[in-house]
Amino acid sequence: MTAFKLPSKSAVYKQIRDVGITRATLKRVLPAWWDDALLQSNSGFLQFAKLLDQRLGLSVTVNDGNVSFLPAKYTIQYKKRAHIDIQQLSDATYLCQAVANTLITVLEYNHCSPNLSRLQQSLDTLGELTLANVLPLFWASHIPVIHVSRFPANVARPAGMVMRSNNHYAIVLGHKHKSPSTQLFVLLHELGHILCDHLTQDGSLTDSVLPELGESLDVETDPQEDEADAYALRLLRKDIDIVSMVRELGRLNRPAELAIKAKRASQVSGISAGHFALTYGRETRDWILTQQALRFLEKGNAIATLQSSFIETMEQLDVRSQDSEFLMSMQTG
């Protein structure tokens, strides 16, 4: 590398902040063993720069001996409500990008190439779709999925984010919902973004809210969101008109009543009872009753299921200790 003058620690962090990355975000991206005193040596600074390049895509340039940090050449797309501050969402997006980039690095190191056609075929031929039986199909097709819990305070958690880099993809889920049916919808929605070619170059697409989380965009006519929704719903409903079945129920007053009717509908249609309940919420906007009904219907913990699937797959791959530690740390609040 060209000879350079080491910048001060404050100058380093100011440049990184000017790129849009906060100190709180950077603290979570760096390894637990990192000490800022390392910035005072050439080798330590180069190690710091390499980590930021690998995880955040930041590059370092040297001009007349002076060091500068340049932002990643990623396209960043947001789907958000008007009241959500972009800075809050960008903090979460940078963290999710760091996680996604690390996952992609692991797959590249293990010579694992994504196979979207295999994943599509596997999902189309699967019987009832559940989070537990879908996750292994994603990993087997080398489309990694991870749930991130470790966000800084005052950061807007995304429902989900999909990352594209070097023709690899990674999906990051961020919502706290423990409902398997809810997280499954978000996962399939993010896959819909990939398969509908919403990421035509390296970059990320972050969904801050989704209807199945009891929220919606202020403008619900975003064509990309409509396409991703349509893909997820086609998979989950298998061309069965469960919307008409839900509308025939009218308004219900008790969560247990919705849970019972969802179970009966599932037996008749073969569609997940959890998704039937979510469809009721989507049609009536009665998300409180829907979430209460899901507690009757679902015994599993979606976040635990996601973590278990991640650990099981990582055990089969060759993973550097610092990458493994980073990915595990981001899954604990």
Side-chain angles (χ1 to χ4, degrees), residues 12-13 16-17 19-39 43-60 69 71-72 74 76 90-112 135 138-139 142-153 155 157-158 160-166 168-176 190 202-204 206 303-304 306-333:
V12 168
Y13 284 112
I16 294 172
R17 182 65 185 86
V19 170
I21 300 171
T22 63
R23 187 71 174 267
T25 298
L26 193 60
K27 181 179 179 180
R28 284 160 175 77
V29 170
L30 292 170
W33 50 260
W34 176 257
D35 186 333
D36 280 347
L38 294 170
L39 290 172
S43 59
F45 180 83
L46 291 174
Q47 191 173 24
F48 178 81
K50 183 178 180 181
L51 277 167
L52 296 194
D53 178 36
Q54 290 174 340
R55 294 183 176 176
L56 293 169
L58 294 186
S59 57
V60 175
F69 288 89
Y74 296 148
I76 300 178
S90 69
D91 287 342
T93 295
Y94 279 124
L95 275 176
C96 291
Q97 285 182 349
V99 170
N101 278 327
T102 305
L103 282 170
I104 289 171
T105 297
V106 169
L107 292 182
E108 289 178 327
Y109 185 76
N110 285 269
H111 306 291
C112 298
L135 284 171
F138 276 78
W139 283 103
H142 306 313
I143 309 294
V145 180
I146 190 171
H147 182 273
V148 169
S149 298
R150 191 169 172 242
F151 292 100
V155 163
R157 281 175 171 265
M161 187 206 78
V162 58
M163 180 82 187
R164 174 177 174 167
S165 179
N166 298 326
H168 282 264
Y169 297 91
I171 294 174
V172 179
L173 305 180
H175 208 284
K176 291 181 178 180
E190 300 308 322
D202 285 0
S204 64
T206 301
I303 295 174
L306 287 156
Q307 290 176 345
S308 176
S309 178
F310 166 83
I311 292 170
E312 182 179 340
T313 305
M314 287 296 107
E315 289 174 347
Q316 302 170 29
L317 299 171
D318 188 2
V319 186
R320 294 182 306 172
S321 59
Q322 73 173 21
D323 289 338
S324 176
E325 290 166 5
F326 171 61
L327 292 171
M328 289 300 299
S329 73
M330 292 303 297
Q331 295 178 77
T332 57

Sidechain-backbone polar pair: Q97 side chain, S204 backbone, donor-acceptor under 3.5 Å: no
Gap between atom CG of L56 and atom OG1 of T25 - 0.5 Å precision: 8.5 Å
Quick one: are P152 and R28 in side-chain contact, heavy atoms under 4.5 Å? yes
Between F326 and R55, is there a cation-pi geometry (under 6.0 Å to ring centre, at most 45° from the normal)? yes
Between S165 and D202 the two heavy atoms that sit nearest each other are CA-OD1, 3.4 Å
To the closest 0.5 Å, what do you measure between CZ (R150) and NZ (K27)? 7.5 Å
Examine distances only and state if a side-chain atom of N110 and a backbone atom of V106 form a donor-acceptor pair shorter than 3.5 Å. yes
For Q316 and E312, which heavy atoms make the closest approach, and how far apart are they? NE2-O, 3.3 Å
So, do F45 and L38 sit near enough that their side-chain heavy atoms are less than 4.5 Å apart? no
Once you round to the nearest 0.5 Å, how far does CG of L173 lie from CD of E190? 7.0 Å
Check: T102 side chain, A98 main-chain N or O, donor-acceptor pair, under 3.5 Å: yes
Side chains of Y94 and L58, heavy atoms from C-beta outward: is any pair under 4.5 Å? no
Measure the NE2-CG distance between H111 and L317 for me, rounded to the nearest 0.5 Å. 11.5 Å
Could you pull out the closest heavy-atom pair between G57 and Y74, with the gap in Å? CA-OH, 3.9 Å
Where do P144 and L107 come nearest, in terms of heavy atoms and distance? CD-CD1, 3.4 Å
Is F69 close to S59 at the side-chain level, that is, under 4.5 Å between some pair of heavy atoms? no
Provide the closest heavy-atom pair for G44 versus W34 in the form atom of the first, atom of the second, distance. O-CH2, 3.6 Å
Without swapping roles, check the side chain of H147 against the backbone of H175 for a donor-acceptor pair under 3.5 Å. yes
In Å and rounded to the nearest 0.5 Å, what is the CD1 to CG distance from I311 to L306? 11.0 Å
Under a 4.5 Å cut-off applied to non-hydrogen side-chain atoms, are C112 and W139 in contact? no
If you compare all heavy atoms of S324 against all heavy atoms of V319, which two are closest, and at what distance to 0.1 Å? N-CG1, 3.8 Å
Hey, are W33 and D35 close enough side-chain-wise for a donor-acceptor pair under 3.5 Å? no
Side-chain contact test, heavy atoms from C-beta onward, threshold under 4.5 Å: evaluate it for V172 versus M163 and give yes or no. no
Derivation and outcome, side chain to side chain contact (heavy atoms under 4.5 Å, CB included), residues I16 and L26: CA-CA 9 Å; I16 294 172; L26 193 60; 3.9 Å; yes
Distance only, no hydrogens: is a donor on one side chain within 3.5 Å (strictly under) of an acceptor on the other, for Y13 and D36? yes
Does L95 reach the side chain of V155, with side-chain heavy atoms less than 4.5 Å apart? no
Measuring from D318:CG to D323:CG, what's the distance to the nearest 0.5 Å? 10.5 Å
Validation row: R17, T22 side chains within 4.5 angstrom (heavy atoms): yes
